[in-house]
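Worksheet: one structure, shown below.
On a predicted model such as this, the values are computed, not experimentally measured, just so you know.
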Amino acid sequence: MDPIDLKILEELKQNGRVSFSDIAERVGKTEATVRRRVKTLENENVIKKYTIEYNINSKPKTRATVKIEPDFKEIKAIMKELIEIDEITDIWRLSGDCGLFIKVEIPSIEQFNPLIEEKISQIKGVKISETCFITDIIK
């Protein structure tokens with residue numbers, strides 16, 4: 001293994017999906033040379049596998065439903081403002097005196113009160129009548 005092989009390995013370590021032509025440009029060799037060297041490194045078991053690193057938030061989101069009794073004179077403006085709130089995933093306008101029903105998703109329960117107090121309740125004509133946390137999704 002020589003310095004060129006080491007440079008190739010460093011390029012692959014940084015990005016396992018980098019093209020041979022990009023590596024060739026960075027190490028100053030032809031694409032064919034890089035391809036041949038990578039194949040040799042694979043055959044010699046220097047390169048054992050290509051992998052990815054990832055970072056996802058595996059903690060489940062906190063979900064809740066909120067029943068809103070809107071001032072129906074303000075209903076269009078209320079719905080327009082609710083649509084702009086990222087944490088709200090669903091909005092239902094219900095028949096009769098049922099008003100609006102929304103579903104929210106937030107990273108943690110600690111963010112629920114600020115969402116209600118600082119965003120939803122600040123909308124003119126909104127009265128929150130009931131909130132329920134979703135504990136299990138059946139279907």
Side-chain angles (χ1 to χ4, degrees):
M1 189 163 8
D2 64 7
I4 299 297
D5 287 337
L6 291 174
K7 286 180 184 179
I8 291 170
L9 289 172
E10 276 304 308
E11 292 295 327
L12 288 170
K13 183 178 176 183
Q14 288 179 20
N15 179 359
R17 297 185 66 185
V18 67
S19 70
F20 290 138
S21 61
D22 286 344
I23 295 172
E25 188 176 306
R26 292 179 192 143
V27 301
K29 297 293 177 184
T30 67
E31 182 179 343
T33 298
V34 170
R35 188 180 307 277
R36 188 181 68 253
R37 284 177 176 250
V38 168
K39 189 68 173 166
T40 301
L41 292 168
E42 289 172 344
N43 291 338
E44 292 175 353
N45 217 18
V46 173
I47 298 175
K48 296 181 182 180
K49 63 181 176 178
Y50 296 87
T51 187
I52 62 168
E53 293 180 4
Y54 61 93
N55 182 14
I56 59 170
N57 183 355
S58 59
K59 184 179 176 188
K61 290 187 178 261
T62 299
R63 296 182 176 123
T65 59
V66 180
K67 184 177 178 190
I68 296 173
E69 294 177 9
D71 177 347
F72 283 99
K73 291 180 269 179
E74 305 285 337
I75 192 72
K76 287 184 180 182
I78 291 169
M79 289 190 299
K80 187 176 180 180
E81 288 191 58
L82 290 173
I83 287 169
E84 296 300 317
I85 298 173
D86 291 335
E87 295 89 347
I88 297 175
T89 61
D90 298 278
I91 303 172
W92 295 280
R93 184 173 179 177
L94 306 174
S95 64
D97 293 330
C98 296
L100 298 172
F101 200 71
I102 63 174
K103 184 174 112 180
V104 300
E105 287 187 0
I106 48 180
S108 67
I109 197 166
E110 291 81 17
Q111 294 174 336
F112 185 73
N113 283 340
L115 172 64
I116 296 297
E117 295 165 2
E118 297 168 13
K119 292 184 179 180
I120 298 172
S121 292
Q122 297 299 316
I123 300 172
K124 181 182 175 195
V126 164
K127 177 184 173 197
I128 296 174
S129 64
E130 184 177 350
T131 62
C132 300
F133 285 96
I134 299 170
T135 59
D136 199 8
I137 298 174
I138 310 303
K139 182 177 176 183

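- Heavy-atom contacts from other residues, nucleotides or ligands closer than 6.0 Å to CG of Asn113 number more than 12.
- A distance of 8.5 Å separates CD1 in Ile47 from CG in Asp5, rounded to the nearest 0.5 Å.
- Counting only heavy atoms from C-beta outward, the side chains of Asp90 and Phe101 never approach each other to under 4.5 Å.
- Taking 4.0 Å as the cut-off between side-chain N and carboxylate O, Arg37 and Asp2 count as a salt-bridged pair.
- Classification of Glu105 and Lys61 as a salt-bridged pair fails, no side-chain N sitting under 4.0 Å from a carboxylate O.
- Thr33 OG1 to Glu31 CD: the interatomic distance, rounded to the nearest 0.5 Å, is 10.0 Å.
- With hydrophobic clusters built from ILVMFWY side chains whose heavy atoms lie under 4.5 angstrom apart, Trp92 does not share a cluster with Val66.
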Start with the C-alpha distance between Glu10 and Lys13, add both sets of side-chain angles, then the distance that settles side-chain contact (heavy atoms from CB on, under 4.5 Å), and finish with yes or no. CA-CA 5 Å; Glu10 276 304 308; Lys13 183 178 176 183; 4.1 Å; yes
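- One finds the CD atom of Gln122 at 10.0 Å from the CD1 atom of Ile85 (value rounded to the nearest 0.5 Å).
- A 4.5 Å side-chain heavy-atom check between Ile120 and Ile68 finds at least one atom pair inside the cut-off.
- Using a 4.5 Å cut-off between side-chain heavy atoms of Ile, Leu, Val, Met, Phe, Trp and Tyr, with links allowed through other members, Leu82 and Leu94 fall into different hydrophobic clusters.
- Side-chain contact between Glu42 and Lys48 is absent, with no heavy atoms from C-beta onward closer than 4.5 Å.
- Contact check for Thr65 versus Phe133: no side-chain heavy atoms found under the 4.5 Å cut-off.
- Side-chain contact between Arg26 and Val18: present, with at least one pair of heavy atoms (C-beta onward) separated by less than 4.5 Å.
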Applying side-chain contact (heavy atoms from CB on, under 4.5 Å) to Ile78 and Lys124, what does each step give before you reach the verdict? CA-CA 7 Å; Ile78 291 169; Lys124 181 182 175 195; over 6 Å; no
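- Under the 4.5 Å side-chain heavy-atom criterion for ILVMFWY residues, a single connected hydrophobic cluster contains both Val126 and Ile75.
- With a 4.5 Å cut-off on side-chain heavy atoms, Ser121 and Ile128 count as touching.
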If you apply the rule salt bridge (charged side-chain N to carboxylate O under 4.0 Å, His left out), what do you find for Lys127 with Glu69, and how did you get there? CA-CA 5 Å; Lys127 177 184 173 197; Glu69 294 177 9; 3.6 Å; yes
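- Note: the hydrophobic cluster containing Ile134 does not contain Phe112 (ILVMFWY, side chain heavy atoms under 4.5 Å, direct or indirect links).
- No side-chain heavy atom of Pro70 sits under 4.5 Å from any side-chain heavy atom of Glu74.
- For the 3.5 Å distance criterion, the side chains of Asn43 and Thr40 fail to qualify, holding no donor opposite an acceptor.
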One pair to check against side-chain contact (heavy atoms from CB on, under 4.5 Å): Met79 and Leu100. What are the steps and the verdict? CA-CA 9 Å; Met79 289 190 299; Leu100 298 172; 4.2 Å; yes
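- One distance of note links CD1 of Ile4 with CD1 of Ile23; it measures 12.0 Å at 0.5 Å rounding.
- Surrounding NZ of Lys29 are at most 12 heavy atoms belonging to other residues, nucleotides or ligands under 6.0 Å away.
- Both Val46 and Phe20 belong to a single network of hydrophobic side chains, linked directly or stepwise wherever heavy atoms of I, L, V, M, F, W or Y lie under 4.5 Å apart.
- Using a 4.0 Å cut-off between charged side-chain N and carboxylate O, Glu11 and Lys7 make no salt bridge.
- Scanning both residues, Thr62 and Ile109, for their nearest heavy atoms gives OG1-N, 3.4 Å.
- Between atom CG of residue Leu9 and atom CE of residue Met1 there is a gap of 6.0 Å, rounded to the nearest 0.5 Å.
- Taking 4.5 Å as the limit, every side-chain heavy atom of Tyr50 sits out of range of all side-chain heavy atoms of Arg17.
- With values rounded to the nearest 0.5 angstrom, Ile106 atom CD1 is found 8.0 Å from Glu87 atom CD.
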